[in-house]
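This one's a predicted model, so the numbers in the text were calculated from it and none came from an experiment.
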Amino acid sequence: MSKETQEDLLKLHLAAEEGERSYSYTKPVSHGGKAMVRLARSEVIKSWVQVVKKHGGENNLHYHRNMDTFWMVLKGRVRFYGPDDKVIGEFGPHEGTITPQYSRYWFENVGDEDLELLQVAAYRSGADGARIDLSPQKLDISSVERFDADIPRIKT
């Protein structure tokens, strides 16, 4: 392990602080079964809110390599499934689960309103989080509406 000089450490601090961002989430007006709002990202972490309409918008059995994902319900209800449609769990507001890399899952909106689901994905530096489908897609991923949250630059 190399020793960093105070000067090297200061450079690392300043470079990292250039990447600081804040964001503000507002549910978008969408017309399809699913929308995704990108919140913020870095080299090793990405975050979105997925908005899934009742009876539409999700999803087939799949997994991601090189990506662990944290999920938390902001509004609505979600049910996560594993292989053979085994229920992993059903979650309401401020509840959720973690799907480690290579874990197989799918989920659906099981509430009476639009589901708003926070997704935070962590990657190894330089790795992709490729999605590997294990069954046919129920929703054409290319039809998902994509939005960016208001991400102002942090003022120093």
For the residue pair Tyr81 / Arg79, report whether a side-chain donor-acceptor contact shorter than 3.5 Å exists. yes
With a 4.5 Å heavy-atom cut-off, do Asp114 and Lys53 have their side chains touching? yes
Over all atoms of both residues, closest heavy-atom pair of Ala121 and Trp48: CB-CZ3, 3.9 Å
ILVMFWY network linking Val52 to Val29, side-chain heavy atoms under 4.5 angstrom: no
Where the side chain of Asn109 meets the backbone of Glu113, is there a donor-acceptor pair that is under 3.5 Å apart? yes
Looking at side-chain heavy atoms only, is the closest gap between Leu118 and Leu39 below 4.5 Å? yes
What distance do Ser103 atom OG and Phe80 atom CZ have between them, rounded to the nearest 0.5 Å? 9.5 Å
Can you confirm whether Tyr102 sits close enough to Ile132 that some side-chain heavy atom of one is under 4.5 Å from a side-chain heavy atom of the other? no
For the side chain of Lys54 and the backbone of Gly111, is there at least one donor-acceptor N/O pair under 3.5 Å apart? yes
Out of curiosity, Asp8 CG to Gln6 CD, how far, rounded to the nearest 0.5 Å? 9.5 Å
Spacing of OG1 belonging to Thr99 relative to CE belonging to Met67, to within rounding of 0.5 Å: 6.5 Å
Do any N or O atoms from the side chain of Asn60 and from the backbone of Ser135 form a donor-acceptor pair under 3.5 angstrom? yes
Are the side chains of Arg124 and Gln101 in touch, meaning some heavy atoms are under 4.5 Å apart? yes
Would you sort out whether Arg104 and Leu61 count as a side chain to side chain contact (heavy atoms under 4.5 Å, CB included), showing the intermediate values? CA-CA 6 Å; Arg104 298 166 293 169; Leu61 187 67; 4.0 Å; yes
Atom CZ of residue position Arg77 - does it have more than 12 heavy atoms of other residues, nucleotides or ligands inside 6.0 Å? yes
Same cluster or not: are Trp106 and Val87 linked, directly or through other Ile, Leu, Val, Met, Phe, Trp or Tyr residues, by side-chain heavy atoms under 4.5 angstrom apart? yes
Do Val49 and Glu116 come within less than 4.5 Å of each other through their side chains, counting heavy atoms only? yes
Distance from Ser42 atom OG to Glu20 atom CD, nearest 0.5 Å? 11.5 Å
Nearest heavy-atom contact between Ala35 and Pro28 is CB-CG, 4.3 Å
For Asp85, look at atom CG and say whether over 12 heavy atoms of other residues, nucleotides or ligands are found less than 6.0 Å away. yes
Under a 4.5 Å side-chain heavy-atom rule over Ile, Leu, Val, Met, Phe, Trp and Tyr, are Leu10 and Leu12 clustered together? no
Evaluate the ring planes of Tyr105 and Trp71, with Trp represented by its six-membered ring, and classify them as parallel (under 30°), tilted (30 to 60°) or perpendicular (over 60°). perpendicular
State, to 0.1 Å, how close Val120 and Ser47 come at their nearest heavy-atom pair, and which atoms those are. CG2-CB, 4.1 Å
Count the heavy atoms of every other residue, nucleotide or ligand shown that sit under 6.0 Å from CD of Glu43, and state whether that count exceeds 12. no
Please test Arg38 against Met36 for side chain to side chain contact (heavy atoms under 4.5 Å, CB included), starting from the C-alpha separation and ending with a verdict. CA-CA 6 Å; Arg38 183 172 63 177; Met36 293 181 70; over 6 Å; no
Separation of Gln50 CD from Leu74 CG (nearest 0.5 Å): 11.0 Å
Are Ile45 and Met72 linked, directly or through intermediate hydrophobic residues, by side-chain heavy-atom contacts shorter than 4.5 Å (ILVMFWY only)? yes
